[in-house]
Every structure is written in C-alpha cells, then in structure tokens.
Amino acid sequence: MSSSAIRTSPSGSPIALGLTLESGQVFHWKKDADARWHGLIGDVPVTVAECDGSLLVQPGHEDLVGKYFSLDHPLEEIYAKFPNDPASRESLQMCRGLRIIRQPRWECLATFITSSMKRVASIRAMSFAIRKKFGQPVSGSDVEAYPAPGVLAAASESDLRTCGLGYRAKNLLLTARRVAEGGIELDALCSLPTPELRSSLESLPGVGTKVANCVLLFAYERLDAVPIDVWIGRVLMAMRKGRPGTPSQLARYARRRLGPYAGYVQQYLFHRARNAKG
DNA sequence: CGCCAGGGTCTCG
DNA sequence: CGAGACCATGGC
C-alpha cells in the first residue's frame, strides 16, 4: 500500500484501530482481507491500517486522519483517572488504545437518531442503506458519502422507511428539515457550554437523553458525556451491587463514579459488556 | 420462531 | 419526577 506511517501522540500512547472502529461509535467502515480499513471521513475516502499501535495512511491524509481518530487525546492521562472498580479496570485491560472518534456532526446526529432500539449490526445496515439511496458517490470508495441534511429533508418518509428505519424515519426527516432550514446550526453550537448544547440537541425530534449524550461524546468532544443504553444500564446496576435505579439515578451514579473522562470509561465498559458472553 | 436492541415521546399519577 | 404504553424492524 502506498502509505506513510504517522506517529500517534507525543506521549506515544497507541491506537487500537479495530477496537475503535467496532465499538459502536461509527458504522460505515469495512475491513478487508489484509486488515486494512476502508471508509470515509466526511466525503474523503480513506484507507487506514494499524501497525504496532501507529496508523498507516496515504500521504497527505495524516492531519485529517489524526484528527478523526483523536490521536491528540492524552490516553495515559485519561487512564490515570479511570475508576478503580474491577469492571472499569478489566475494561481498560481489554480496550487499551480504543479512542473516542471526532465524527462529522450531522452524520453522527443522524445515525444515532436511527439507532434507538436497534443493534449495532442493524444500525450499520441502515447507515449503508441511507448512504446508498441518498448519498453522493465518492470516487475511489464503494461507500457513498452520508447525505447532507437538505437531501434527507427533501426525501419522503416512505422513502426513508425503505432503508429499514421504521418509526425512526419521521424523526430523521423532521430533524433533517430543522437543520436544513437553519433552525439549528450544528457546527456553531460547538462553542456552547455542555448544558446549553445538550438542551439544543434534545430539542430535535428523535433526540433524547441517550442520543444527545452520544452526539456530545462522539461529535462535540465532551468526554465527560455518558450515554446510558441497556448495556451500560446493566453495567451500572452491577456496579451498584445489583440495585436497580431510575435513569436519572443511574446518570448521577455514573457522573459520580466514572470520573472526569466518564465518556471514555463508558465506551470501554460498553465494549467489555458487549463482548462478555462468558 | 421468539427475543431483544447504543430510546423517544406522550399520557397519566 | 416516575412509570407505562406504544412505536417498527431485523439479526440472531
């Protein structure tokens, strides 16, 4: 592969590429027989491979790829603030090098609107279907770019349903219209404090507490945001010695116990829980 | 085949 | 604020 190696962060903390791309943050990357990953960063086709914790990319893509995969995140500092309970320690041992990606905001928001009550494999299938039906073809990629808000805003609900969205089609359509009409400017919101940003996101159709936290964590660099889905809900309940709780109680517990990088801890716990199976 | 999933929204206490 | 009903689909 015509590629040059780029280094990870100055501290030398590595990236685990496969873990990062298979941890339910992003849903359109494909691994080939040679363990190279093919995907799009925005509308730029990218091929990435991992070699001893560093990334190999095409010349010229170093900055784009480095930012997308958050190679500047200080993993050792983050790990130093991990909680000391057995589950968190074990998740760190399993997931060392997994990074929270910086995703394009609309793409992240839209895919997580479609994610409710769906498994990762289904979210991935819907994502590909939406790209294929509405997205712009990209030269050098077998995956289409994620369609802009205006494109989905001009679609019909029944067209969206053909992508397997079910009742989520209406929410995606309504939110696409809000964004396309300028009712909310996703990129401009990045300067807002987290509470105000969260409120803005939750004003969108199909965006509640959990989806807003996914977008805060995966697209707005709020590394303390904790999405609580059924998996993390079970993990938190186990950490509370089996004591169940309301969503707000679990959120408060997570804020208190998972530390300043709670979003990172959550992602590691999520991956550990989903891959437990014994 | 039945089960469950990176939930949101509305209604009613 | 908290609990329940309802929503559609597909992988397994």
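By convention in this document, chain letters (A, B, ...) are assigned in the order of the sequence lines, proteins followed by strands, and residues within each chain are numbered from 1.
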Just the rounded figure in Å: distance from P of B:dG7 to CG of A:L165. 15 Å

Distances under 3.5 Å only, N/O to N/O: pair up the protein atoms with those of nucleotides 9-11 of chain B.
{"residue": "B:dT9", "atom": "OP1", "partner": "A:G206", "partner atom": "N", "Å": "3.1"}

Residue pairs passing the ring-ring contact (aromatic ring centres under 6.0 Å, His included) test where at least one lies in residues 151-210 of chain A, sequence neighbours excluded: none

Nearest-angstrom distance, P atom, C:dC6 to B:dG6: 24 Å

Given atom OH of A:Y167 and atom C1' of B:dG7, what is their separation to the nearest angstrom? 6 Å

Tell me, please, which residues at least two apart from A:L109 pass side-chain contact (heavy atoms from CB on, under 4.5 Å). A:W106, A:I113, A:T175, A:L186, A:L204, A:V207, A:V215

Could you tell me which residues satisfy ring pair (Phe, Tyr, Trp, His ring centres under 6.0 Å) with A:Y220, sequence neighbours excluded, listed by chain and number? none

Hydrophobic side-chain clustering at under 4.5 Å (ILVMFWY, transitive links): who's grouped with A:V143? Put none if nobody. A:L40, A:F128, A:V138

Test of understanding: with side-chain contact (heavy atoms from CB on, under 4.5 Å), list the residues that count as partners of A:E90, not counting sequence neighbours. A:M94, A:R272

Do any N or O atoms of the protein come closer than 3.5 Å to N or O atoms of nucleotides 4-6 of chain B, and which pairs are they?
{"residue": "B:dC4", "atom": "O4'", "partner": "A:R119", "partner atom": "NH2", "Å": "3.3"}
{"residue": "B:dC4", "atom": "O2", "partner": "A:R119", "partner atom": "NH2", "Å": "3.0"}
{"residue": "B:dA5", "atom": "OP1", "partner": "A:R234", "partner atom": "NH1", "Å": "3.1"}
{"residue": "B:dA5", "atom": "OP1", "partner": "A:R234", "partner atom": "NH2", "Å": "3.2"}
{"residue": "B:dA5", "atom": "O4'", "partner": "A:R119", "partner atom": "NE", "Å": "3.3"}
{"residue": "B:dA5", "atom": "O3'", "partner": "A:K118", "partner atom": "O", "Å": "2.8"}
{"residue": "B:dA5", "atom": "N3", "partner": "A:M117", "partner atom": "O", "Å": "2.9"}
{"residue": "B:dG6", "atom": "OP1", "partner": "A:V120", "partner atom": "N", "Å": "2.5"}
{"residue": "B:dG6", "atom": "OP2", "partner": "A:W231", "partner atom": "NE1", "Å": "2.2"}
{"residue": "B:dG6", "atom": "O4'", "partner": "A:D229", "partner atom": "OD2", "Å": "3.0"}
{"residue": "B:dG6", "atom": "N9", "partner": "A:K210", "partner atom": "NZ", "Å": "3.1"}
{"residue": "B:dG6", "atom": "N7", "partner": "A:G24", "partner atom": "O", "Å": "2.6"}
{"residue": "B:dG6", "atom": "O6", "partner": "A:Q267", "partner atom": "OE1", "Å": "2.5"}
{"residue": "B:dG6", "atom": "O6", "partner": "A:Q267", "partner atom": "NE2", "Å": "2.8"}
{"residue": "B:dG6", "atom": "N1", "partner": "A:Q266", "partner atom": "OE1", "Å": "2.6"}
{"residue": "B:dG6", "atom": "N2", "partner": "A:D229", "partner atom": "OD1", "Å": "3.1"}
{"residue": "B:dG6", "atom": "N2", "partner": "A:Q266", "partner atom": "OE1", "Å": "2.8"}
{"residue": "B:dG6", "atom": "N3", "partner": "A:D229", "partner atom": "OD2", "Å": "3.0"}

Please tell me whether A:H28 and A:Y146 have a donor and an acceptor in their side chains that are separated by less than 3.5 angstrom. no

Of A:S122 and A:P247, the one whose closest DNA chain C nucleotide lies more 5': A:P247

Closest to the 5' end of DNA chain C, once A:A125 and A:E157 are matched to their nearest nucleotides, is A:E157

Taken in chain and number order and not counting sequence neighbours, the residues that satisfy ring pair (Phe, Tyr, Trp, His ring centres under 6.0 Å) with A:W29 are A:Y68, A:F69

Does A:Y261 have any ring pair (Phe, Tyr, Trp, His ring centres under 6.0 Å) partners at least two apart in sequence or in another chain, and if so, which? none

What are the bounds, 5' to 3', of the part of DNA chain C that sits under 4.0 Å from heavy atoms of chain A? C:dG2 to C:dG11

With salt bridge (charged side-chain N to carboxylate O under 4.0 Å, His left out) as the rule and sequence neighbours excluded, what pairs involving residues 172-201 of chain A come up? A:R105-A:D187

Length of the CG-P vector between A:L201 and B:dG8, whole Å: 12 Å

Write down the distance separating the C1' atoms in B:dG8 and C:dG11, rounded off to the nearest Å. 22 Å

Roughly how far apart, to the nearest Å, are B:dT9 and C:dG10 at atom P? 23 Å

Are A:H38 and A:T47 close enough that a side-chain donor and a side-chain acceptor fall under 3.5 Å? yes

Residues in salt bridge (Lys or Arg N to Asp or Glu O under 4.0 Å) contact with A:K30, at least two apart in sequence or another chain: A:D142

